[in-house]
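Shown next, in structure tokens, is the structure this report addresses.
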Amino acid sequence: MCMDVPVPQDYLLSTNELCFERDGRRLFEGINLRLKAGEMVLIEGPNGCGKTTLMRLLTTLLSPTSGALCYRGEPLEKVRYEYLADLLYIGHQSAVKLALSAEENLAWMAASEGIHDPKSVRAALRSMGLGAVYDLPCHQLSAGQVRRVALSRLVLTRAKLWFLDEPLTALDTEGIGLITGRLQGHLDSGGAIVLISHQDLAIGAVRNYDLTKRCA
Amino acid sequence: MARTPSFLAYVRRDVLLAYRRLGDTVAPLIFFTMVCTLVPLGLSPDPQRLSEIAPGIMWIMALLATLLSIERIFAFDFEDGSLEQLLIAPQLIALPVLAKIVAHWLVTGLPLTLLSPLLAMTLSLPTSAYPAMLLSLAIGSAYLSAVGAVGASLTVSLGRGGLLLPLLVVPLYMPIMIFGTATVFYAVDGLHWSGPLAAMGAMLCAALALCPLAAAAALRVTSA
Amino acid sequence: MVTEVKKWQWFYRLGSPRWFYEITGRWLPWLLCAASLLLASGLFWGLLVAPPDARQGNSFRIIYLHVPAAILALVGYYIMALAGAVGLIWRIKMSFMVMKSAAPIGAALTFIALFTGAVWGKPSWGTYWVWDARITSMLILLFLYLGVLALQRAFSSAEMAYRASAILALVGTINIPIIYKSVDWWHTLHQPATLKLTSASSIHIDMLQPLIVMICGFYVFYVVALCLFTRAEIIRREATSAWVRALVSNESSR
Amino acid sequence: MNIQFASFNEILAMGGHGLYVWVAVTVSVAVLAALLVVPWQSHTRALNQVRLRLERHAGGSAEEGVD
């Protein structure tokens, strides 16, 4: 089993006493996060208390100093590739190649998840309001549009677990509405979201996780 | 379950990206041509003296030209965040890294090799040595890309244009250059040049096996 | 799970900086005496008592510094890479500190080997720099050391610096045999085999004994220098920890 | 176990090679000594920094922010 206390299977993500130290300075400790299907966790805390670091820990970009991370009750070491296959991470950087067109970028992001269907790629871009500019190289698009190209992955992805770090920055009200709708849809279809955002979102089942209590 | 893109898809994408940024890609080739023309100006245009040093000159200049472009293997991906996406893809990271090395060779090493006969002429290298030179540069530049990728992955988070990368990588380039130039020198002297070439082939195989692993480990460390 | 930890107990204890600091604190005075004794007697024996070489006369006495330094420079690189590997695999911060300390010592010893080799070259070959196979490989080894040193100081975060330079050190170890073999091959390609500068085994027994003493002296010296550098690194890294504060406060109150 | 040279200046001359031998020896011994002195200094400097921070914290409550 993952930890001493038995964890029911339906916990998509659970951490046990996660703690992280960088160059002798302990950022946070004793993080016990539980995430079930259909739930969204909003990580809160002042700037610099390690919200993004926690997000990078959960997405295995960083390895914790101590503590364990479990996916569906199994320790990460055993189910690493299943976990990564079921995970979508959109960080501060949009991972969009400015030399390529919006369609080429999204087609590559979809291919990274095993989806090879040009029609659904174009449909996703259209649903994100990029129907007219899908073949323009991204360096001709505005920051908001580039962010929408990155976020149009949310339309295509099959991943259950979403990790979104400030997804709504550089988006206009229409964009925010689109994304909020998409998040709600994902929750309804049994997905789970870990979110960092300073804009409040009109979404139902939101659990706030205050990191300041855990900061060392 | 084809969760991740195939090896060829990675290579095709990187080559396409390099093609879209043609200025960056052609720069090492132009640099290679320019510095090769420095030699006759700097030393002497006398064909006899030039042909004596032509193999060494061409190899050293090919090495420096590759050094210019090594940083680019991971730098762009690190800056726009796609390196992060690569690190959390559900696959062995060494595979896409190998794909990046192959793409870099296709974009820099191979064109350098194809360009070299042109310059061999200006440096009055005997034509009998052309095949040896082409083969030695082809294999050698692949080794340079592979080992360079390890250096690039170690310094990816230190920002572009750092002088640290050449410092780490040039000592590791010396053995392949020794065998590379020897192959061409043997050919110029009319000896059998398959010996040093075989040594280069062996070193390339080792590099292609080990460098992606080392580079993947380094990426996981430095981009954290 | 518990027996697992018991078995590895000594291994984890070795990994705690405090334990290392205390142990080396006790052993350092003795090691320092042993090293200086060995080096002093070795030098005295080698420089003054050993018979001069038939061909090179007294200039061969530089061997008593050149050979030990060259050996330790090479062994030091492998020690550094091993410490880095242990740090990477078992995530022991202590072995990263040992690796970081081994780099400057190795670089200094390589410099000694190169300098003495060059000075030795003057009387026997008439020029300071000779592209002898051994000296050239030693020069490339110095470049490898400088690469590791530069990489260690390039990162802002200490953890990243440790792990990156550990990887570079490992890559370096794989390349060292390749470099040595290719330089030897390159040397024979361009020059018939001349006097190998450091053919230690073929020299006379009276000359060999001081050399053995010097090599042992250098080994002990290497351990002493490594402990000193590592202890400094421990205090820098563990400055905020309780045991360092306790150490400093009772030291200042004494 | 007898010394090869009769007098002190013969040791210095060493049959014409004295200069090279003694230059090599002095530089090597200097570098080895540096390998002992440098870490010793950085060790004591690190200890002093810790002591400084301790005193500043201990005395911190009395004089605020004196560096």
Side-chain angles (χ1 to χ4, degrees), chain B residues 56 143 146-159 162-186 189 191 193 195-196 198-200 202-204 206-207 209-224, chain C residues 77 81 84-85 87-89 91 96 103 107 110 131 133 136-191:
Chain B
Y143 180 90
V147 172
V150 178
S153 62
L154 283 168
T155 57
V156 67
S157 62
L158 297 176
L163 281 179
L164 185 58
L165 177 54
L167 201 92
L168 306 184
V169 166
V170 166
L172 307 177
Y173 278 174
M174 291 175 181
I176 194 78
M177 199 192 70
I178 289 174
F179 286 107
T181 43
T183 312
V184 191
F185 277 122
Y186 274 26
D189 301 342
L191 303 167
W193 45 273
M200 291 175 72
M203 288 166 76
L204 177 62
L210 297 176
C211 289
L213 299 174
L219 282 180
R220 185 163 283 286
V221 161
T222 50
S223 67
Chain C
Y77 198 94
L88 279 176
I89 296 166
R91 286 181 187 277
F96 279 139
T110 321
W131 288 97
T136 317
S137 324
M138 197 60 65
L139 184 62
I140 302 177
L141 181 67
L142 182 64
F143 293 152
L144 288 177
Y145 268 117
L146 295 180
V148 173
L149 277 170
L151 193 64
Q152 268 169 1
R153 279 150 184 73
F155 288 94
S156 48
S157 115
E159 186 59 35
M160 215 185 277
Y162 285 149
R163 298 167 73 83
S165 41
I167 291 173
L168 181 63
L170 284 173
V171 168
T173 45
I174 299 171
N175 276 282
I176 284 181
I178 301 175
I179 289 173
Y180 270 68
K181 286 290 169 284
S182 47
V183 167
D184 283 351
W185 183 80
W186 161 81
H187 186 59
T188 53
L189 186 69
H190 291 283
Q191 239 174 351

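Within every chain, numbering begins at 1; the chains are lettered A, B, ... in the order of the sequence lines, protein sequences first and strands thereafter.
In this structure, the portion of B:Ser157 lying under 4.5 Å from any heavy atom of chain C is its side chain and not its backbone. Only the side chain of C:Ile174 comes within contact range of chain B, with at least one heavy atom under 4.5 Å from a heavy atom of that chain. In this structure, chain C has a heavy atom under 4.5 Å from the side chain of B:Val150, while its backbone stays farther away. The contact between B:Leu154 and chain C is made by backbone and side chain atoms together, counting heavy-atom distances below 4.5 Å.
Contact annotation for residues 156-163 of chain C against chain B (heavy-atom separation below 4.5 Å, listed by residue number): C:Met160, C:Arg163. Of all residues spanning residues 167-174 of chain B, those with a heavy atom less than 4.5 Å away from chain C's heavy atoms are B:Leu167, B:Leu168, B:Pro171, B:Leu172, B:Met174, arranged by number.
In terms of heavy-atom pairs under 4.5 angstrom with chain C, the leader among B:Thr155, B:Val147, B:Ile178 is B:Ile178. Your options are B:Leu164, B:Thr181, B:Leu210, B:Ile176, and the one with the most heavy-atom pairs under 4.5 Å with chain C is B:Leu164.
B:Leu163 CG: 12 or fewer foreign heavy atoms inside a 6.0 Å radius.
Closest approach of B:Ala214 to C:Val171, counting heavy atoms only: CB-CG2, 4.0 Å. The minimum heavy-atom distance between B:Pro175 and C:Ile178, with the atom names listed, is CB-CG2, 3.7 Å.
Summarising the geometry, atom OG belonging to C:Ser182 is positioned 12.0 Å from atom CE belonging to B:Met200; distances are rounded to the nearest 0.5 Å. Residue C:Ile167 holds its CD1 atom at 7.5 Å from OG1 of B:Thr222, rounded to the nearest 0.5 Å.
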